[in-house]
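Heavy-atom basis, side chains included; hydrogens, waters and symmetry copies ignored. All residue numbers in this chain count up from 1 along the given sequence.
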Amino acid sequence: MNQQDKQGAFQAFTRAQWAALRDAVPLPLSEEELVRLRGINESVSLEEVEAIYLPLSRLLNLYVHSSQRRGDVLQQFLGRRPSRGPYIISVAGSVAVGKSTTARILQALLQRWPEHPQVELVTTDGFLYPLEELQKRDLLRRKGFPESYDSRMLLEFVRDVKSGERTAAPLYSHLSYDRIPNAQQEIHSPDILILEGLNVLQSGMDYPDNANRSFVSDYVDFSIYVDAEEDLLKTWYVDRFLSFRDGAFRDPNSYFHHYAKLSEGEARKTASKIWEAINGPNLNQNILPTRERANLILGKGEQHRIEQVRLRG
């Protein structure tokens, strides 16, 4: 049996207990498809998809289906056309924890369900201020912190999506480390929107002096936090940095091209300094404090393997 956590808000499941909740949901992904969904230095297996993500897709399908029916009943009672607003799922967590892979796998699985075939995935990276603006605001070394995002633009986007309006999200390039000029991802009435980002669980609790402010989390129907101990996160970040040094950083157009010339030892030291100066403080000040607000927490161990699932009761 699963156990209630100390706070009583969550039910904790071991990997085996959670896997048993799959309830014969078929595996729609091939190994080839999964390879395309994996992130850098992540070894997500089909067994991981079966044990963790298929039960999660079943749970989300039940939630989405219930929300759709409830919305139709209300609109029928009010004599209106059914609402076209999507069910919004947010995926939060630290840099290097693998939340992008989690979001991509969920998108691939959820769009296989007949009740919600149109599933869009948007990352909040596109809502970071452009590099030029970050430099003007002296925020370049705080990129990824809440203040480095165009929060008004992001909030307007989520509002428009939720109301069923046709809208668009700006696109981001990890190569240029900047928003792509005049490039957008068109969004028009999806069944589900998955919103992935560092700070998508922030709420008015983080800004007690501005109680009337709206947040993205106000429009989210189900939230997921991908969790791991900080020593693992730092190790994964350094390993990812080394992979980029041997790959993307070698592109002359890369913003980080100068890092490609570092030795392995120098690269490890540089990545560690970046973690200690930027990613670690952002995690502890802004991201980790929002974890307990999630509807579901995926707890990772070594090799990005999810060892525990905590579901809000």
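- In terms of modelled atom types and a separation under 3.5 Å, the side chain of Asp150 and the main chain of Met153 share a donor-acceptor contact.
- Placement of Leu134 and Ile180 in two distinct hydrophobic clusters is found when ILVMFWY residues are connected by side-chain heavy-atom separations under 4.5 Å, directly or transitively.
- The nearest pair of heavy atoms linking Pro208 to Met205 is CD-O, 3.9 Å.
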Test log, rule salt bridge (Lys or Arg N to Asp or Glu O under 4.0 Å), inputs Lys234 and Glu230 | CA-CA 6 Å; Lys234 182 178 178 180; Glu230 187 172 356; over 6 Å; no
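- Distance alone, capped at 3.5 Å, places no donor-acceptor pair between the Arg312 side chain and the Ala9 backbone.
- The pair Arg104-Glu196 does not meet the salt-bridge criterion, since no charged nitrogen lies less than 4.0 angstrom from a carboxylate oxygen.
- Both tests pass for Arg137 against the ring of Tyr129: distance under 6.0 Å to the centre and angle within 45° of the axis.
- Under the 3.5 Å distance criterion, the side-chain polar atoms of Trp18 are left unmatched by any main-chain donor or acceptor of Val309.
- Atoms OG and CG, on Ser100 and Leu37 in that order, are 11.5 Å from each other to the nearest 0.5 Å.
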Full working for ring pair (Phe, Tyr, Trp, His ring centres under 6.0 Å) between Phe241 and Phe244 | CA-CA 5 Å; Phe241 188 93; Phe244 284 146; 8.0 Å; no
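- Atom CD of Gln107 sits about 13.5 Å away from atom OG of Ser57, to the nearest 0.5 Å.
- Two residues are said to be in side-chain contact when any heavy atoms from C-beta on lie closer than 4.5 Å; Leu198 and Tyr149 meet this criterion.
- The number of heavy-atom neighbours closer than 6.0 Å to CD of Glu302, taken from other residues, nucleotides and ligands shown, is 12 or below.
- In this structure, Tyr63 and Tyr87 have parallel ring planes: the angle between them is below the 30° cut-off, well short of the 60° mark.
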Decide salt bridge (Lys or Arg N to Asp or Glu O under 4.0 Å) for Arg112 and Glu33; before the verdict, give the C-alpha distance in whole Å, the side-chain angles of both, and the deciding distance to 0.1 Å.
-> CA-CA 13 Å; Arg112 259 75 168 192; Glu33 289 174 300; 2.8 Å; yes
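- Within the 3.5 Å criterion, the main-chain N or O of Asp239 finds a donor-acceptor partner in the side chain of Ser243.
- Atoms CZ and CZ, on Arg310 and Arg291 in that order, are 6.0 Å from each other to the nearest 0.5 Å.
- Each of Ile287, Leu195, Ile224, Ile88 was compared with Val200 under the side-chain contact (heavy atoms from CB on, under 4.5 Å) criterion, and only Leu195 meets it.
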Where do Glu186 and Arg166 land on the salt bridge (Lys or Arg N to Asp or Glu O under 4.0 Å) test, with the steps shown first?
-> CA-CA 8 Å; Glu186 299 291 333; Arg166 183 187 294 271; 5.3 Å; no
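- Side-chain N or O atoms of Lys99 include one that pairs as donor or acceptor with a backbone N or O of Ser94 at under 3.5 Å.
- Under 4.0 Å is where a charged nitrogen must lie from a carboxylate oxygen, and between Arg305 and Glu307 at least one such pair does.
- Leu175 contributes atom CG, which lies 10.0 Å from atom CZ of Phe249 (distance to the nearest 0.5 angstrom).
- Atom CD of residue Gln184 and atom CZ of residue Arg179 lie 9.5 Å apart, to the nearest 0.5 angstrom.
- A salt bridge is absent between Arg152 and Glu156; no separation between the charged side-chain nitrogens and carboxylate oxygens falls under 4.0 Å.
- Note on Arg159 versus Asp218: no salt bridge recorded, every NZ/NE/NH1/NH2 to OD/OE distance being 4.0 Å or above.
- Here the straight-line distance linking atom CZ of Phe13 with atom CG of Leu21 works out to 6.0 Å at 0.5 Å rounding.
- Judged by a 6.0 Å distance limit and a 45° cone about the ring axis, Arg213 is positioned over the six-membered ring of Tyr207.
- Salt-bridge formation is not detected for the pair Lys300/Asp227: no Lys NZ or Arg NE/NH1/NH2 atom is positioned less than 4.0 Å from an Asp or Glu carboxylate oxygen.
- In this structure Gln285 satisfies the side-chain hydrogen bond (donor to acceptor under 3.5 Å, both in side chains) test with no other residue, sequence neighbours excluded.
- Both tests pass for Lys143 against the ring of Tyr177: distance under 6.0 Å to the centre and angle within 45° of the axis.
- Between Gly144 and Asn282 the shortest heavy-atom distance is O-ND2, 2.9 Å.
- For the pair Leu34 and Ser45, the tightest heavy-atom approach, listed with the atom from each and the gap, is CD2-C, 3.4 Å.
- Tyr219 and Ser214 share no donor-acceptor pair across their side chains, judged by distance under 3.5 Å alone.
- Each of Val64, Leu60, Asp191, Ile105 was scored for a side-chain contact (heavy atoms from CB on, under 4.5 Å) with Leu110, with one residue passing: Leu60.
- When side chains are defined from C-beta on, Gln17 does not count as touching Gln308, because their heavy atoms never get closer than 4.5 Å.
- Contact check for Asn286 versus Pro281: no side-chain heavy atoms found under the 4.5 Å cut-off.
- Note: the hydrophobic cluster containing Phe222 does not contain Leu62 (ILVMFWY, side chain heavy atoms under 4.5 Å, direct or indirect links).
- Neither side chain, His257 nor Asp251, offers a donor N or O lying under 3.5 Å from an acceptor on the other.
- No hydrogens or angles considered: a donor-acceptor pair under 3.5 Å links the side chains of Ser203 and Arg293.
- The shortest side-chain heavy-atom distance between Val95 and Trp236 does not fall under the 4.5 Å cut-off.
- Of all heavy-atom pairs between Glu120 and Pro190, the closest is CG-CB, 3.6 Å.
- Using a 4.5 Å cut-off on side-chain heavy atoms (C-beta onward), Asp231 and Glu229 make contact.
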Let me see the working for Glu266 and Lys261 under salt bridge (Lys or Arg N to Asp or Glu O under 4.0 Å), right down to the final yes or no.
-> CA-CA 9 Å; Glu266 291 170 334; Lys261 301 176 182 178; over 6 Å; no
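- Taking 4.5 Å as the limit, some side-chain heavy atom of Ile274 sits within range of a side-chain heavy atom of Thr270.
- Both the sub-6.0 Å distance and the 45° axial angle are not jointly satisfied by Arg240 relative to the ring of Tyr237.
- With Ser223 contributing its side chain and Asn295 its backbone, the two residues share a donor-acceptor pair below 3.5 Å.
- The distance between the ring centers of His174 and Tyr172 falls below 6.0 angstrom.
- Inter-residue side-chain proximity for Leu59 and Leu311 is flagged as met; some heavy-atom pair is nearer than 4.5 Å.
- Scored by the ring-ring contact (aromatic ring centres under 6.0 Å, His included) test, Phe157 finds Phe127 as partners (sequence neighbours excluded).
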Trace of the side chain to side chain contact (heavy atoms under 4.5 Å, CB included) decision for Tyr225 with Val91 = CA-CA 6 Å; Tyr225 187 96; Val91 180; over 6 Å; no
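- Note that Arg245 lies outside the cation-pi zone of Tyr259, set by a 6.0 Å cut-off to the ring centre and a 45° limit from the axis.
- Not one N or O on the side chain of Glu276 forms a donor-acceptor pair closer than 3.5 Å with the backbone of Lys273.
- For the pair Leu27/Arg22, a side-chain contact is recorded, criterion being any heavy-atom separation below 4.5 Å from C-beta on.
- Here the closest non-hydrogen pair linking Pro86 and Val161 is CD-O, 2.9 Å.
- Looking at residues two or more places apart in sequence or on another chain, you find a side-chain hydrogen bond (donor to acceptor under 3.5 Å, both in side chains) between Glu47 and Arg15.
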